[in-house]
Amino acid sequence: MHLVLRHTMTLPTDSEPPPPSPPPPDSATDTATATANGATTTTTTTTSSSSSENPPDSLPTPPQELQLPISWPQDGTLSVEWIHNLMQCFDWSSRNFPPSEFPSVLPVQVFDSLILVASKMLHKEPNCVTVDPFRPNSGTTASVVVVGDVHGQLHDLLFLLKDAGYPSDDRIFVFNGDYVDRGAWGLETFVLLLAWKVFMPHNVYLLRGNHESKYCTSVYGYEKEVMAKYGDKGKHVYRKCLGCFEGLPLASIVAGCVFTAHGGLFRSVTVTPSKRLKGKKNRKILLNHDNKTLTLGSLEELSKARRSVLDPPWEGPNLIPGDVLWSDPSKNPGLAPNKERGIGLLWGPDCTEEFLKKYQLKLVIRSHEGPDAREKRDGLDRMSEGYTIDHVVDSGKLITLFSAPDYPQFQATEERYNNKGAYVVLEPPNFDNAIFHGFTAVTPRPKVNAYYNFEEVIDSDEELDLESMVTS
């Protein structure tokens, strides 16, 4: 297996929608040579920029080519043209309309129609979705694009989709979660990805991140964002979003050789029945959950976990969802409680090797850690390039992937992380070549206020208020 680092600009083809308007001006390209794992690799990074003008006191008139407000298709069938218009409308309105005008862009009735279809679709998918790039009907094999955290950074997501090439019959997307919070356009980001999912359900896979939860969205801005954009309909829209979050799958296996999830690996939750209580014949049997000895969980256990919870539990029998969404890799061997976060696990290279070998996998691609979190992790590489290779073992590698450049959008200090974002392309026939594509943030970002107190909130999701999390 080889890891190839490169960057290419993908130009739209006739089958792909044109890029969102307005297009970025000429981009600057920086090339750097680095040495990793004994091999010299070259990474080329694209810097994107976009013009933005301060809106006048009166609301500007949308360009004639935009179909505003967005309407739901009469037959309920989405098209490439509909999604292209959605992207253009979100891009334009984010630069020209205040948040309170969002219903004039996406009426609540259209939101309801989209999230109803998407939620039904997502809830039917298994906890661990199978991503099959082999297309027997056409005799072709698709490439697979894996995307990490995007955190409401709409304009960077629009650039990523254009740069990677839009979802199509020969290009599958797997998103590792964390679509909302911190960034100012979480609603647009989530709605756009739901639209792609509805349009191409077998070419777009949306996994759950730890921020797709009631607790995180109440702390890091998404709830307030929805309320600001939909006003008296905000509570309704927010509840619909929470219900949709519960349906998001937890993990994926790509081409039988790559495991992806937001946080990563998870514990076994095998239970041992104890004696039946005396009394009625059908009285409930007590179960002993042994949390003292941590062992790696199985894909079978993952498939049986109950993911339809507002906040993944940190205690009790249903611990796998919390592990998959919150856990982090470590350089130390074994499994250990993730004391810094208060939920999930830390797992070492030996666990990565055990998991890869058991299921004949080559790669684990997870996300969850941005530059703020990695700044506090001793022994692990910083997230300056949008990805890190955390474990190199006999059977393969563990990769952390982060797709939100210049993150977080709102920072309390003048000195910013200025990290790059990245996505991974897995190509046939083996899908074990992780091709990294790095990119910088679209600039300038439209001016907007944060929806959370970014000066006081913990940047790396540490010290959670577990008691406020909804686990029922």
message: Quick check for you: to the nearest 0.5 Å, what is the distance between Leu345 atom CG and Ser330 atom OG?
response: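 With rounding to 0.5 Å, CG (Leu345) is 11.5 Å from OG (Ser330).
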Any Lys/Arg nitrogen of [X] or [Y] sitting under 4.0 Å from an Asp/Glu carboxylate oxygen of the other?
X: Arg366; Y: Glu369; answer: yes
X: Asp170; Y: Arg135; answer: no
X: Lys214; Y: Asp311; answer: no
X: Asp390; Y: Lys331; answer: no
X: Asp112; Y: Lys240; answer: no
X: Lys229; Y: Glu188; answer: yes
X: Glu354; Y: Lys358; answer: no
X: Glu125; Y: Lys197; answer: yes

Say whether, by atom type as modelled, one donor and one acceptor occur between the side chain of [X] and the main chain of [Y] under 3.5 angstrom.
X: Asn419; Y: Asp406; result: yes
X: Asn85; Y: Gln67; result: yes
X: Arg377; Y: Pro329; result: yes
X: Arg416; Y: Pro408; result: yes

- request: Go through the side-chain N and O atoms of His151 and Asp178 and say whether any donor and acceptor fall under 3.5 Å apart.
  value: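 Present: a donor and an acceptor within the cut-off.
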query: For the rings on Tyr407 and Tyr417, is their centre-to-centre separation under 6.0 Å?
result: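 No, ring centres 6.0 Å or more apart.
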- prompt: Strictly under 6.0 Å, is that where the ring centroids of Phe175 and Tyr205 end up?
  reply: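 No.
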query: Per the side-chain contact (heavy atoms from CB on, under 4.5 Å) rule, which among Ile115, Leu194, Val117, Val129 passes with Leu122?
result: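 Only one option passes, and that is Leu194.
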